[in-house]
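Working notes, structure below.
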2 protein chains.
Amino acid sequence: MGDMTESLPHPTRSDIRIEAVLHALADPIRLRLVRELARRGCEGAPCGSIELPITKSTRTHHLRILREAGVIHMRPEGTARISTLRRDDLDVLYPGLLDSILAAAR
Amino acid sequence: MGDMTESLPHPTRSDIRIEAVLHALADPIRLRLVRELARRGCEGAPCGSIELPITKSTRTHHLRILREAGVIHMRPEGTARISTLRRDDLDVLYPGLLDSILAAAR
DNA sequence: GTCGTAGTACGATGTTCGTCGTACCACTGG
DNA sequence: CCAGTGGTACGACGAACATCGTACTACGAC
């Protein structure tokens with residue numbers, strides 16, 4: 001466990017399901033994460049650099065939900081993980097979805 | 001209870017929250033309902049006319065979630081309820097959201 | 001090597017959720 | 001009036017979920 005060398009599992013584009021994406025985005029905390037990642041653009045952000053009123057393990061949990069739904073991509077970089085929005089995949093699968101949600105999310 | 005004369009509570013457009021909408025749409029059964037209502041267009045449909053592998057009370061439950069989230073509108077008509085998608089409101093609040101989800105929902 | 005940092009894994013806990021059955025209400029047709 | 005139909009309300013129950021604390025791993029700096 002805790003294997004940080006191997007890449008974390010991500011669904012391929014065709015494995016992404018709309019229900020999972022919507023469920024992942026339906027949580028306030030996760031929506032904040034996504035909003036913040038969208039703001040940072042394609043360089044992404046170390047998970048921990050996004051301030052949230054939750055503990056470390058809860059943050060890991062939410063990032064996992066987002067990753068397994070296909071909303072974000074995570075790659076290890078040194079001791080940190082760089083998270084990025086999977087904008088390209090989501091825009092192809094559900095054009096307009098992300099834009100409308102991000103525009104609405106205050 | 002069970003007052004069928006008074007109109008059921010619906011959120012106003014400004015009361016609709018994106019998290020509630022996403023949560024409402026994240027369920028497979030509710031997605032089927034929404035898909036079907038979209039197919040029927042503005043005339044809407046009696047709730048019971050949509051075939052689903054669930055019981056009456058579960059259907060009422062799901063319709064309530066959708067109504068309280070602001071996704072559908074229900075009006076009594078005789079002994080039945082006519083449900084319609086709140087396309088206008090949703091398209092104003094989150095332009096592209098519904099279209100992308102409906103296009104994706106097989 | 002040792003310590004600190006970033007993150008994951010696992011187990012526990014309280015809450016929400018989806019489902020159902022039953023009881024009930026309102027309307028319609030005999 | 002009475003029976004049937006379409007729908008809601010309420011209570012119960014198991015599953016899923018969000019949260020946390022603790023223990024652990026991997027990497028970098030000293």
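A quick note: this is a predicted structure, and the numbers were derived from the prediction, not measured. Letters A, B, ... are given to chains in the order of the sequence lines, protein chains preceding strands, and every chain is numbered from 1.
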Scan nucleotides 11-15 of chain D against the protein and return all N/O pairs shorter than 3.5 Å with their distances rounded to 0.1 Å.
none

Residue whose nearest DNA chain D nucleotide is more 5′ - A:Lys56 or B:Thr60: B:Thr60
Gap separating the CG atom of B:Asp15 from the CD atom of B:Glu68, nearest 0.5 angstrom: 12.5 Å
Nucleotide nearest A:His62 when distance is taken to its side chain, options D:dA18, D:dT8, D:dC20: D:dA18
Electrostatic pair A:Glu36:A:Arg40 at N-O distance under 4.0 angstrom: yes
Divergence of helical axes at both termini of the helix from C:dG1-D:dC30 to C:dG30-D:dC1 - five pairs an end, 10° steps: 20°
Which nucleotide in C:dT19, D:dG7, C:dG7 has an atom nearest any side-chain atom of B:Pro46: D:dG7
Listed nucleotide nearest any side-chain atom of B:Arg81, set D:dC20, C:dG18, D:dG7: D:dG7
Value in whole Å for how far the P atom of C:dT5 lies from CZ of A:Arg59: 15 Å
Cluster link A:Ile29 to A:Leu25, ILVMFWY, side chain under 4.5 Å: yes
Below 4.0 Å: OP1/OP2 of D:dA26 and any side-chain N or O of A:Thr79: no
B:Arg30 side, atom CZ; B:Ile65 side, atom CD1 - distance, nearest 0.5 Å: 5.0 Å
Single-linkage hydrophobic cluster, 4.5 Å side-chain cutoff, A:Val34 and A:Ile82 together: no
A:Asp99 with A:Arg87: basic N within carboxylate O range, under 4.0 Å: yes
Neighbour count above 12 (heavy atom, 6.0 Å) for A:Arg64 CZ: no
Residue whose nearest DNA chain C nucleotide is more 5′ - B:Arg30 or A:Arg64: A:Arg64
Derivation of the side-chain hydrogen bond (donor to acceptor under 3.5 Å, both in side chains) call for A:Thr60 and A:Ser57: CA-CA 5 Å; A:Thr60 299; A:Ser57 36; over 6 Å; no
Tabulate below the donor-acceptor pairs under 3.5 Å that side-chain atoms of residues 88-96 of chain B make, not counting sequence neighbours, or state none.
| from | atom 1 | to | atom 2 | distance (Å) |
| --- | --- | --- | --- | --- |
| B:Asp89 | OD1 | B:Arg13 | NE | 2.5 |
| B:Asp89 | OD1 | B:Arg13 | NH2 | 2.8 |
| B:Asp89 | OD2 | B:Arg86 | NE | 3.1 |
| B:Asp89 | OD2 | B:Arg86 | NH2 | 3.0 |
| B:Tyr94 | OH | B:Ile18 | N | 3.3 |

Among C:dG7, D:dA18, C:dG18, the one nearest B:His61 by side-chain distance: C:dG18
Exercise: identify the closest heavy-atom pair between B:Ala20 and B:Ala69: O-CB, 3.6 Å
Nearest-angstrom distance from the residue atom CG of B:Leu63 to P of C:dG18: 13 Å
Length of the line joining A:Arg67:CZ and C:dA9:P, which is rounded to integer Å: 8 Å
No-H, no-angle donor-acceptor pair, B:Ser57 side chain to C:dG21 base, under 3.5 Å: yes
Atom-to-atom span, CD1 of B:Ile29 to P of C:dC17 - whole angstrom: 17 Å
Upstream residue (5' side of DNA chain C) when B:Ile54 and A:Ser49 are each assigned their closest nucleotide: A:Ser49
Distance in angstrom units between A:Asp27 CG and D:dT19 C1', rounded: 11 Å
Atom-to-atom span, CG of A:Leu8 to C1' of C:dT8 - whole angstrom: 9 Å
Whole-Å distance separating the CD atom of B:Glu51 from the P atom of D:dG6: 14 Å
Side-chain N or O of A:Thr55 closer than 4.0 Å to phosphate OP1/OP2 of D:dC20: yes
Whole-Å distance separating the NE2 atom of A:His23 from the P atom of C:dT16: 14 Å
